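Please read these numbers as outputs of a predicted model, since none were measured by experiment. Proteins get letters first, then strands, A, B, ... in listed order; numbering begins at 1 in each.
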Amino acid sequence: MSTSTQPARGMRDFLPEDVRRRAYVLDVVTDVYERYGFEPLETPAVENIETLLGKYGDEGNRLIFKILKRGEHEQTGQADLALRYDLTVPLARVVAEYRGTLPKFFKRYQIQPVWRADRPARGRFREFYQCDVDAIGSTSPVVEVEVCAAVSDVLERLGFGDFTIRLNHREVLRGLLDGAGVPETLHDTALVAIDKLDKIGASGVVEELVARGVGPGAARQALEAFTATGDASNEAVLARLSTQIGSHASATDGLHTLRAILQLSQATSAGPLLRLDPSLARGLSYYTGAIFEVAVDGIGSLGGGGRYDNLVGMFSSGSVPACGFSLGLERILVVMSERGMFPASVTRSSADVLATVWNADALTDTLALARLLRAAGLRVEVYPDADKIGKQMKYASSRGVRFATIVGDDEQAAGTVMVKDLTTGGQTPVPRGEVAAWLSRRLQSQSA
RNA sequence: GCGACUGUAGCUCAGGGGCAGAGCACCUGACUGUGGCUCAGGGGGUCGCGGGUUCGAGACCCGUCAGUCGCCCCA
């Protein structure tokens, strides 16, 4: 079997039903984001490669889709452009470029595809959409809270009832690692191991830490600092972290921030959903403060985010505070499909009515009838050939269209349209002037 | 990037050296003004690709590409 018609590896075609599902979710996402005062932004699919390199850590550099130099440089294998890897770095570039003209607090949402040269897996692709919200220009924990609240609203509107937002802070993590005696050069690699706690267990994390160069004693101590024992309430975790951190200055600041976020969030939809989780690390290296990840029970991450106060500064002088959240559209769609969470209106058929064509001479009349119905807001598909009526009915049935119109010799003479309801099999002659209203009424009563 | 498994009709898969198959889907008819159900018939294949072994390869061997699942990493 030829494989040449398959899309490129990790890429997907979206057939009509797929597009409807995606559009439904994106409608909800944009509506919620707009309500929080975020404005839309779009950036190019392609960035200069220097814009992206060094922003995502070593693993990130490897996964960037690079575009080779064109023309005479083609043979060198050198890349000067790359496909967008996420939406956060392009945002930082935009902020640096248009700093003078953007509002003091620039709140933007961005829903576009990103590309990663990763190995495709279930719910994971090389081209996928992210739905980002970010707020630039404020260090206030209000930003963290609003961003989490927006994400909570989105998931609730989509019908998710069993998700939590895990919350942690990069400086608290560093403080805990310092306290355990893990050298600073090993912090990043240690966090990757600790992030796997719920996957490989406590002993697995210790093994992994040692494998990554952390001394056995420090590894054990670090694990102890991160492992939640006993009371897992936010209050209890805060208290425990406070004693573990002691007088560590930056970690104490981080803890204050976490406390503020938890307190402020009580006034928002995110309040009951935030769970302080010391083992949350997150991969991207540009986070500097609070970090969060939204997870559905038994499924895993639907998205994440955090504060990155130094990223914009990598494109211009001076630091510009920033914080945001990114929802993974594909993960959301996978879970919603598995759970049958789409409303019937999303999976409905392409048309309300199929206008059958009696014979070649009736084509004009069929088109005129379709126009009449469309003007009334109905979705009408015209059968293009004068096939046998049975064949046209079969087509209507296979397309899931509810009504079919037939204008044969008898109807033509009587000035009526025969309307067949495919769901019941019954049919009714309706005066031509009343067909549109008649059909609209039936369709409305059904969908209501 | 590393390891394991799988590539045969549009889809799901059987066949493991001797004529290329089944179910579903599709098309035609039974049904000259009507879909679903039933019955009868029909079309459809570079057996992923390249090489090798053999009188003979879909099957065995080597390579390659693609897919799936772990590892790694991530949304």
(message) What's the gap between G51(B) and C5(B) when it is taken at their P atoms, as a whole Å value?
(response) 26 Å

(request) Would you classify I332(A) as touching base, sugar-phosphate or nothing, given that sugar-phosphate means primed atoms plus P, OP1 and OP2, and contacts are heavy atoms under 4.0 Å? (result) nothing

(request) When you get a sec, tell me which of C73(B), A30(B), G33(B) is the closest nucleotide to the side chain of I406(A)? (result) G33(B)

(message) From C-beta outward on I389(A), which listed nucleotide comes closest to its side chain: G33(B), G29(B), U34(B)?
(response) U34(B)

(request) Quick one: do S326(A) and D132(A) satisfy side chain to side chain donor-acceptor pair (under 3.5 Å)? Show the steps, please. (result) CA-CA 4 Å; S326(A) 174; D132(A) 279 32; 2.7 Å; yes

(message) Check this for me, if you would: do R22(A) and E330(A) make a salt bridge, where the nitrogen-to-carboxylate-oxygen distance has to be below 4.0 angstrom?
(response) yes

(request) Map V407(A) and L327(A) onto RNA chain B by nearest heavy atom, then report which one ends up closer to the 5' terminus. (result) V407(A)

(message) Base of G35(B), side chain of Q427(A) - is there a donor-acceptor contact under 3.5 Å?
(response) no

(request) With P as the reference atom in both, quote the distance from G41(B) to G23(B) in angstrom, rounded to an integer. (result) 12 Å

(request) Return the value, rounded to whole Å, for the distance between atom CE of M393(A) and atom C1' of U34(B). (result) 5 Å

(request) Could you check which of G33(B), C73(B), C74(B) has an atom nearest any side-chain atom of R212(A)? (result) C73(B)

(request) Report the distance from atom CG of D118(A) to atom P of U68(B), rounded to the nearest whole Å. (result) 13 Å

(request) Scan every strand shown for a Watson-Crick or G-U wobble partner of C60(B), both distances under 3.5 Å, and answer none if you come up empty. (result) G52(B)

(request) Pick the C1' atom in G21(B) and in A4(B), then give their distance to the nearest Å. (result) 30 Å

(message) Could you check whether R126(A) pairs with D118(A) (Lys NZ or Arg NE/NH1/NH2 to Asp/Glu carboxylate O, under 4.0 Å)?
(response) no

(message) Give me the distance, rounded to whole Å, that separates U64(B) from A57(B) when you measure between the P atoms they each carry.
(response) 24 Å

(request) For the side chain of S397(A), starting at C-beta, report the closest nucleotide among G35(B), G29(B), G33(B). (result) G35(B)

(request) For the pair D387(A) and K394(A), find out whether any cationic side-chain nitrogen is under 4.0 Å from an anionic carboxylate oxygen. (result) no

(message) Using atom C1' in both nucleotides, what's the gap between G56(B) and C19(B) to the nearest angstrom?
(response) 13 Å

(message) Measure CD/Q392(A) against P/C27(B) and give the value in whole Å, please.
(response) 14 Å

(message) Taking C69(B) as the reference, what is the distance to G17(B) when you measure between their P atoms (whole Å, please)?
(response) 30 Å

(request) Whole angstrom is fine here: how far is it from NZ in K394(A) over to C1' in C31(B)? (result) 12 Å

(message) Does the structure show a Watson-Crick or G-U wobble partner for A40(B), both distances under 3.5 Å? Name it, or say none.
(response) U28(B)

(message) I'd like to know if R93(A) and E47(A) make a salt bridge, using a cut-off of under 4.0 Å between side-chain N and carboxylate O.
(response) yes

(message) Please classify the nucleic acid contact of E411(A) as base, sugar-phosphate, or nothing, using heavy-atom distances under 4.0 Å.
(response) base

(request) Classify the glycosidic conformation of G33(B) as syn or anti, calling it syn when the angle lies within 90° of 0. (result) anti

(message) Going by purine N1 to pyrimidine N3 plus the second Watson-Crick contact, or the G-U wobble pair, all under 3.5 Å, which nucleotide sits opposite A20(B)?
(response) none

(request) Please report, rounded to the nearest Å, how far the P atom of C27(B) is from the CG atom of D385(A). (result) 13 Å

(request) Flag as yes if Y395(A) stacks onto the base of G35(B) (centroids under 5.5 Å, planes under 30°), otherwise no. (result) no

(request) Pick base, sugar-phosphate or nothing for G425(A), based on heavy-atom distances below 4.0 Å to the nucleic acid. (result) base

(message) Please report the distance separating the P of G10(B) from the corresponding atom of G45(B), rounded so that it comes out in whole Å.
(response) 8 Å

(request) Give none if A66(B) has no partner; otherwise give the nucleotide forming a Watson-Crick or G-U wobble pair with it, both distances under 3.5 Å. (result) U6(B)

(request) Indicate, with a heavy-atom threshold strictly under 4.0 Å, whether K420(A) touches base, sugar-phosphate, or nothing. (result) base

(message) Looking at R20(A) and D18(A), is there a salt bridge between them, counting it only when a charged N and a carboxylate O are closer than 4.0 Å?
(response) no

(message) Please pick, from U28(B), G33(B), G35(B), the nucleotide with the shortest atom-to-atom distance to any side-chain atom of M418(A).
(response) G33(B)

(request) To the nearest Å, give me how far apart CG (L422(A)) and P (C37(B)) are. (result) 13 Å

(message) Without decimals, in angstroms, what is the distance between R126(A) CZ and A66(B) C1'?
(response) 12 Å

(request) Would you mind pulling out the nucleotide paired to G1(B), Watson-Crick or G-U wobble, both distances under 3.5 Å? (result) C71(B)

(message) When you compare the side chains of Q444(A) and R442(A), does any donor N or O come within less than 3.5 Å of an acceptor on the partner?
(response) no

(request) Starting from C1' on A75(B), measure out to CG on L333(A) and report it in whole angstrom. (result) 12 Å

(message) Distance check, C1' atoms only: A14(B) and C73(B), in whole angstrom units.
(response) 39 Å

(request) Report yes or no: is the cationic atom of R166(A) (NZ for Lys, CZ for Arg) closer than 6.0 Å to the six-membered ring centre of F292(A), at no more than 45° off its axis? (result) no

